[in-house]
Amino acid sequence: MRKILFVMPGQEGLGASLIAAGGFDNGEFEMRHFPDGETYVRVDSDVRGAQVVILCQLHQPNEKFLPLLLLKATLRDLGVHSVGLVAPYLAYMRQDKRFKEGEGISAKYFARLISQQFDWLLTVDPHLHRIHALSEVYSLPALALTAVQAIAQWLRNNIAKPIVIGPDGESEQWAAQVAKAADCPFEVLSKERFGDRDVKVSVPHVDAYKGFTPVLVDDIISTGRTMQHAAAHLLAAGMCAPVCIGVHGIFAPGALEEMRTAGLRVVTSNSIPDSSNEIDLAPLLMQGIVHLMRRD
Ligand code: R5P
């Protein structure tokens, strides 16, 4: 059966790696906006009977989601065998409970929408906190891979004597696994968030690690406040400026520049294309795609 990869605008680098590694045909299509903002889609590839994969990183999801659904609907209409979604960054995972009376649980609703549309879903390190597994909210076959080994490999190649530090309790799952895979020590700090840009971090036990390079590891960097507060505490405790690794750099406007201006080296995976990308997820994603396509 023919395998065709459609790459949504903005992820051409990762898309090209997957096409080369996976023996996919490149899905040819045109997508543009009419003057009124509506989306025009035309598929040029012959897709009848093909196993189709769409690569779409869902950072800034609102503007991408409807064009994604229109492409998917067009493909189904043209007679594809199946359509899988590769979303290296999976959006809407953090609003995973009703924090205040009347709030929507967006993680659940978004999961329902995706589950209704695609045959399978592949992602990397989704923000699983109060939701413990994608299967709790996604009803389609959904595979969540982890960038832990890729980050550990980056550490081995780039940092001589690292101490991995999770900037808050939620990051412990990544920090502990990365440290284990890279065979280095780790610590987890505790964080309290008082607002979108107001975060306080406490720092235990850093004295034991003078002479090590601190490496902060988290799943997401958004405003960068969590990383910056943790970094400030580490510096105050006598450590050198940490390297900040986020699996997903979703960076609020100005956040990456602010972190760099503060002297921090920021490293992310290419789940979201950006100048901080140093960790390539293509080999990992390829494994997941092969696994999911076998069940198609
Ligand atoms: C929190 O739940 C996540 O794991 C990250 O710690 C958080 O998203 C980072 O946000 P910010 O960069 O805005 O501090």
Side-chain angles (χ1 to χ4, degrees), residues 57-61 87-100 103 105-108 110-111 123-134 136-137 144-148 150-151 164-179 186-204 214-235 241-269 271-272 274-277 279:
Q57 51 94 355
L58 287 169
H59 172 231
Q60 305 285 5
Y89 171 68
L90 186 58
Y92 280 112
M93 287 302 291
R94 288 182 293 172
Q95 183 70 25
D96 57 2
K97 81 166 204 184
R98 183 164 291 124
F99 296 93
K100 290 186 195 144
E103 280 182 349
I105 307 170
S106 313
K108 206 163 78 179
F110 190 68
T123 190
V124 178
D125 287 320
H127 187 78
L128 295 172
H129 183 41
R130 281 158 288 257
I131 295 167
H132 301 104
L134 289 181
E136 287 176 24
V137 285
L145 299 173
T146 177
V148 160
I151 296 172
V164 171
I165 298 179
D168 63 16
E170 289 180 30
S171 63
E172 176 160 6
Q173 50 185 320
W174 290 281
Q177 290 178 58
V178 167
F186 84 98
E187 284 276 337
V188 176
L189 312 181
S190 60
K191 172 180 94 175
E192 263 190 280
R193 186 181 279 279
F194 299 95
D196 282 352
R197 290 178 182 259
D198 185 9
V199 171
K200 287 206 170 27
V201 180
S202 72
V203 183
V215 180
L216 291 163
V217 177
D218 208 347
D219 60 335
I220 292 171
I221 307 176
S222 175
T223 64
R225 287 293 187 276
T226 301
M227 289 290 192
Q228 288 210 51
H229 282 268
H233 283 261
L234 297 175
L235 287 167
V243 176
C244 299
I245 301 184
V247 179
H248 308 293
I250 65 174
F251 302 122
L256 177 58
E257 296 70 25
E258 206 180 287
M259 291 176 77
R260 286 177 171 158
T261 304
L264 302 173
R265 180 173 178 186
V266 184
V267 174
T268 60
S269 82
S271 67
I272 299 168
D274 183 275
S275 62
S276 63
N277 293 170
I279 298 168

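Residues take their numbers from the sequence shown, with the count starting at 1. Counting convention: from 1, in listed order, for ligands and their atoms alike.
- Among Val178, Val247, Val267, the single residue meeting the side chain to side chain contact (heavy atoms under 4.5 Å, CB included) criterion with Val217 is Val178.
- Not a single heavy atom of His129 lies less than 4.0 angstrom from ligand 1.
- In this structure, the side chains of Arg260 and Ser276 come closer than 4.5 Å at one or more pairs of heavy atoms.
- Within the 4.0 Å heavy-atom criterion, the part of His127 lying near ligand 1 is the side chain and not the backbone.
- The ligand atoms of ligand 1 that sit less than 4.0 angstrom from a heavy atom of Arg94 are 8 (O).
- Only the side chain of Asp218 comes within contact range of ligand 1, with a heavy atom under 4.0 Å; no backbone atom does.
- Taking a cut-off of under 4.0 Å to the non-hydrogen atoms of Asp168, the atoms of ligand 1 that pass are 6 (O).
- In terms of the side-chain contact (heavy atoms from CB on, under 4.5 Å) criterion, residue partners of Ser271 (sequence neighbours excluded) are, by chain and number, Pro88, Tyr89, His248, Ser269, Leu281.
- With ligand atoms numbered from 1 in the order given, ligand 1 contributes 9 (C), 10 (O), 11 (P), 14 (O) to contacts under 4.0 Å with heavy atoms of Thr226.
- Just one of Leu234, Ile221, Val188, Thr226 meets the side chain to side chain contact (heavy atoms under 4.5 Å, CB included) condition when paired with Pro167; it is Thr226.
- With hydrogens and angles ignored, the 3.5 Å screen pairs a side-chain donor or acceptor of Gln95 with a backbone N or O of Lys97.
- With sequence neighbours excluded, the residues forming a salt bridge (charged side-chain N to carboxylate O under 4.0 Å, His left out) with Asp96 are Arg130, listed by chain and number.
- Backbone and side-chain nitrogen or oxygen atoms of Gly224 are examined, and one is located within less than 3.5 angstrom of a nitrogen or oxygen of ligand 1.
- With a heavy-atom cut-off of 4.0 Å, Asp219 touches ligand 1 through its side chain alone.
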